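This structure is a prediction, so every number in the text was calculated from the model and none was measured. Just so we're on the same page: letters track the sequence lines, and every chain starts at 1.
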Amino acid sequence: MSRLAGLFSELKNQGRKALVPYIVAGDPTQEITLPLMHELVAKGADILEIGVPFSDPMAEGPVIQLAHERALANHTSLSKTLEIVSAFRKDNQTTPVVLMGYTNPVERMGYSEFAKRATAAGVDGLLTVDLPPEEASELSAILAEAGIDNIFLLAPTSTDERIAQTAALASGYLYCVSLKGVTGAGHLDVEAVKAQMDKIRAHTDLPVTVGFGIKDGASASAVAPHCEGVVVGSALVESIAASSTDAAKLAACELIADIRKAIDSI
Amino acid sequence: MTKQAMENRFPDFRNFPDNKGHFGIHGGRFVSETLIHALDELTEAYQRLSADPAFQAEFDNDLAHYVGRPSPLYHAERWSREVGGAQIYLKREDLNHTGAHKVNNTIGQALLAKYMGKKRIIAETGAGQHGVASATVAARLGMECQVFMGEEDIRRQALNVYRMKLLGAEVISVTSGSRTLKDAMNEAMRDWVTNVDNTFYIIGTAAGPHPYPMLVRDFQSIIGREARRQFAEQAGGQPDALVACVGGGSNAIGLFHPFLEDEGVAMYGVEAGGHGVETGQHAAPLSAGIPGVLHGNRTYLMQDSDGQIMHTHSVSAGLDYPGVGPEHSWLKDIGRVNYVSINDDEALAAFRKLTLVEGIMPALESSHAVAYAEKLAQTMRPDQSIIVNLSGRGDKDIHTVASIDGIGIE
Ligand SMILES: Cc1ncc(COP(=O)(O)O)c(C=O)c1O
């Protein structure tokens, strides 16, 4: 069983929801990413989503775009990101790590080479935002062979047919985009998410996390009853960016502790 | 080459793209899930409407009476004589309403928007020609229009920015990344994801996710269909070569596509060599790039060894793009079209030359094709012919050329 499958079955037994923070590797320095990862786990994260910097992050709002730009300014590549995960695994063998990024860096490295190096580094899953199921069969097969979960997005615009098609290819969990928009958008609609979740459940037993627009304990605990996990991206990236010293950046992870408390008490 | 040899050598061009938008390994749909439904809707609407006589009649009527088609095919006799080789013909897309080939496509896509009931259109623009063409059709159809443009391009193409404003469009300055066309396209995609229900995204070149490369090609193919007929009428037979500049590739595919099966017609797509392909400061992915994924399609890209998209350079904003339409990538792979490059200096010299010798001032983009045609003509005989796609007029570039000359124009 992959770390992700194990985690979700454990959480289910405990009646708890997964808390999934997102940060971008190398934002704003390569040195801070590793301590941030450990701190996020200490504050209650169950899965870490690590953004792989890309020059053209088409699906991101302004906050995460800037994070990609800061990371690229210090040349944080996919290779470097894998090194950071490797270093994380020295002290943590249990928390699943999912890389979230865009197709081109993975394609440039080569699908097989990526799978090999990601396995060696201890990566558990990959989510490529701009690789929908119809273009993903080759990469999916290679990842499956390597035991890396392939995570896909589902959107408010996904039809029943697409939900079924996506679920058939996905493993680990499905990532439900809560709204029509880019990351960091402010118009989360809990009723719409609930309806969307009902549609998804009709097609799959995979765990589903919800992301885009979850920014604090209140929004997380409004959404959490309807899914298996919540993803917190822009709000975390922004509060880390707003803190000037490394110590203050680590302290900004307190947001995750707040959200943990909120979703554990619903 | 015989027809049989051609048939053996190349696949049937009419079968491309496949039903998922692939041209060989290129093309496809690489977008986030939210947009898939909108692309399906667009594909379905395009399939239905392109077979609908009412839609076709409206498109043809607009091209004739609003754009001013057919555009002339002009035998540039004086220039041909001076060059001293092949006869050079200019396909005068510069004479279209709004001054470039771009309007052929915006008319087509805006009609799709109208038939699909979308009230708002968005567009990305580099040189501003596609933005102007989009603002123009939006004004005419009474639609709301927002144009995304890189901060750097807003500076270089101030005249077109003001034109768009006069036409009632809102120009949104894009300050992310390299602040040029590719970033404008990212921002347009972000807007589209957010407003997908009421918004039609008019992509300005033969790139992007399926079905865009196909429908832009189809709308622009009027260029090649006319040129083929006009050449037969004026000169008899077929031209020996076609030359067009390649930014994203829409004017080039528009000229080339109706000739792809004509085995005797050689084709040259001219990329922006910037300071020289060997310097790395250029915008010539087909000459010096490798395949990858950007803006919804797989295609040749200028990228570094980490898979990051590189900054490009060209004196012409309309060619300053690190990718290219996927059909061109495929035509390169199968060897049907030759892709070459022309540097900034050569393009500027051609801009001046054509202006002085023929009284026709080409856009800096088109000047790349003009410069290459001159080189090519010199290697050919006077009984041979070349058609150059004069994709746009140079009025928008006078500011740029003047500042290179050290002259400030207020
Ligand atoms: C006059 C003109 N020619 C050519 C181009 C390049 O675009 P494409 O390669 O799509 O024809 C542009 C783009 O702005 C243009 O304005």
Flag, side chain of A:Arg108 to backbone of B:Asp304, donor-acceptor distance under 3.5 Å: yes
Residues, nucleotides or ligands: over 12 heavy atoms within 6.0 Å of A:Glu161 CD: no
A:Leu153 portion near chain B, given a 4.5 angstrom heavy-atom threshold: both
Distance in Å, A:Leu179 CG paired with B:Thr34 OG1, rounded so as to fall on 0.5 Å steps: 8.5 Å
Heavy-atom pair count under 4.5 Å with chain A, highest-scoring of B:Arg298, B:Met185, B:Met310: B:Arg298
Flag side-chain contact, heavy atom, 4.5 Å: B:Glu33 against A:Ser158: yes
Donor-acceptor pair, side chain of B:Gln308 and main chain of A:Pro53, under 3.5 angstrom: yes
Proximity breakdown for A:Leu72 and chain B, heavy-atom pairs closer than 4.5 Å: side chain
Within 6.0 Å of NZ in A:Lys215, more than 12 heavy atoms from elsewhere: no
Proximal component of B:Ser178, with respect to chain A [non-hydrogen, under 4.5 Å]: neither
Heavy-atom neighbours of A:Asp205 CG exceed 12 at 6.0 Å: no
Residue-level contacts of residues 110-127 of chain A with chain B, using a heavy-atom cutoff under 4.5 Å: A:Tyr111
Heavy-atom neighbours of A:Glu238 CD exceed 12 at 6.0 Å: no
Contact residues of residues 129-142 of chain A (partner chain B; heavy-atom separation under 4.5 angstrom): A:Val129, A:Asp130, A:Leu131, A:Pro132, A:Pro133, A:Glu134, A:Glu135
Shortest non-hydrogen contact between B:Val293 and A:Glu107, atoms and distance: CG2-OE1, 3.7 Å
Greatest number of heavy atom pairs closer than 4.5 Å to chain A - which of B:Gly307, B:Gly292, B:Ala38: B:Gly307
Rounded distance (nearest 0.5 Å) linking atom CG of A:Asp56 with atom NE2 of B:His295: 5.0 Å
Between B:Met189, B:His37, B:Gln303, B:Lys20, the one whose heavy-atom pairs under 4.5 Å with chain A are most numerous: B:Gln303
Main-chain N/O of B:Ile309 paired with A:Ser55 side-chain donor or acceptor, under 3.5 Å: yes
Residues, nucleotides or ligands: over 12 heavy atoms within 6.0 Å of A:Glu145 CD: no
Heavy-atom proximity to chain B below 4.5 Å, by part of A:Met109: neither
Region of A:Pro57 in contact with chain B, defined by heavy-atom distances below 4.5 Å: both
Whether B:Asn186 side chain and A:Met58 backbone form a donor-acceptor pair below 3.5 Å: no
